[in-house]
Amino acid sequence: MKKHLSFLTILLCFVFLFLPSCSDSQSIVGTWKITECVVNGEPLVDMNDCYFYFYEDNTGKKVILDELQFTYEYSYDGVTCVLYNITYDDGTVEAGVYSEMQVKGNTMTVQATENGITETVTLKRQKDS
């Protein structure tokens, strides 16, 4: 079950459909940490440190417990962000799925439903050193 939920978390974050929260677009470049995950109304406990890195050259990576999980490319127009060419170290490439996402200040929220499971993931922008 934990492996399935981890897969869903990864799947949720693959491709984002941002909902505009105001008329201004906001940069997503930087480091984002998953701080909360709620599955069918129940918060997950004992989550491992998980980070998404969005770079200015429209590439990024996902890291869990200091271990690279995958790399990706993304497009972002201030409203919609799409991750693609999601590449694992074994060479597997995935396209991902669409999710609803909102960015407000330093908080990013993703919500998706798949196979009857609703998952909401909250990420916080981290201060890059």
Side-chain angles (χ1 to χ4, degrees):
M1 177 74 171
K2 188 172 182 176
K3 187 174 184 177
H4 178 69
L5 293 177
S6 295
F7 176 75
L8 281 178
T9 300
I10 292 169
L11 200 56
L12 286 173
C13 296
F14 282 166
V15 180
F16 300 118
L17 177 61
F18 283 84
L19 299 177
S21 59
C22 62
S23 60
D24 297 293
S25 65
Q26 177 177 330
S27 173
I28 60 170
V29 171
T31 303
W32 296 81
K33 179 181 182 182
I34 294 180
T35 58
E36 181 180 38
C37 182
V38 178
V39 179
N40 288 339
E42 296 293 324
L44 293 181
V45 292
D46 300 324
M47 291 183 359
N48 295 325
D49 285 344
C50 178
Y51 295 90
F52 281 82
Y53 297 85
F54 290 87
Y55 301 116
E56 289 184 24
D57 67 354
N58 291 70
T59 63
K61 66 182 178 181
K62 178 185 177 195
V63 175
I64 298 177
L65 293 174
D66 295 325
E67 183 177 317
L68 179 67
Q69 297 296 302
F70 56 80
T71 60
Y72 55 85
E73 295 178 53
Y74 73 93
S75 64
Y76 178 65
D77 65 5
V79 177
T80 302
C81 180
V82 178
L83 275 64
Y84 55 96
N85 290 335
I86 300 160
T87 307
Y88 295 88
D89 55 352
D90 68 358
T92 304
V93 177
E94 294 185 4
V97 298
Y98 288 98
S99 301
E100 292 182 2
M101 174 174 268
Q102 293 182 334
V103 177
K104 291 184 180 179
N106 293 323
T107 302
M108 184 184 295
T109 306
V110 183
Q111 182 172 355
T113 302
E114 184 178 346
N115 298 325
I117 297 173
T118 300
E119 187 169 15
T120 303
V121 177
T122 302
L123 300 96
K124 297 286 185 181
R125 185 186 302 270
Q126 304 296 294
K127 292 184 179 180
D128 292 323
S129 45

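With a 4.5 Å cut-off on side-chain heavy atoms, Phe70 and Thr87 do not count as touching. Using a 4.5 Å heavy-atom threshold, the side chains of Val39 and Glu119 count as touching.
Looking at residues two or more places apart in sequence or on another chain, you find no side chain to side chain donor-acceptor pair (under 3.5 Å) involving Thr122. Residues forming a side chain to side chain donor-acceptor pair (under 3.5 Å) with Thr59 (at least two apart in sequence, or on another chain): Asp57. Checked against side chain to side chain donor-acceptor pair (under 3.5 Å), Thr71 has no partners two or more places apart in sequence or in another chain. Listed by chain and number, the residues in a salt bridge (charged side-chain N to carboxylate O under 4.0 Å, His left out) with Asp66 amount to none (sequence neighbours excluded). Scored by the salt bridge (charged side-chain N to carboxylate O under 4.0 Å, His left out) test, Lys61 finds no partners at all (sequence neighbours excluded). Take Asp89 and apply the side chain to side chain contact (heavy atoms under 4.5 Å, CB included) test, not counting sequence neighbours, and it matches no residue. Residues satisfying the side chain to side chain donor-acceptor pair (under 3.5 Å) criterion with Asp49, sequence neighbours excluded, are Lys33.
In this structure, CD1 in Ile28 is found 12.0 Å from CD in Glu56, a value given to the nearest 0.5 Å. To the nearest 0.5 Å, atoms OG1 (Thr109) and NZ (Lys104) are separated by 8.0 Å.
Using a 30° and 60° split on the angle between ring planes, Tyr53 and Tyr51 fall in the tilted class, from 30° to 60°.
Taking the six-membered ring for Trp and the full ring otherwise, Tyr55 and Tyr72 have centroids separated by 6.0 Å or more.
No donor-acceptor distance shorter than 3.5 angstrom exists from the side chain of Asn115 to the backbone of Ile117, with no hydrogens or angles considered.
Scanning both residues, Cys50 and Ile64, for their nearest heavy atoms gives SG-CG1, 3.8 Å. For Asn106 against Trp32, the heavy-atom pair with the smallest separation is O-CZ3, 3.7 Å. Shown here for Gly116 and Asn40, the closest heavy-atom pair between the two residues is O-OD1, 3.8 Å. Closest of all the heavy-atom pairs between Thr107 and Lys124 is OG1-NZ, 2.9 Å. Closest heavy-atom contact between Met108 and Phe54: CE-CE1, 4.4 Å.
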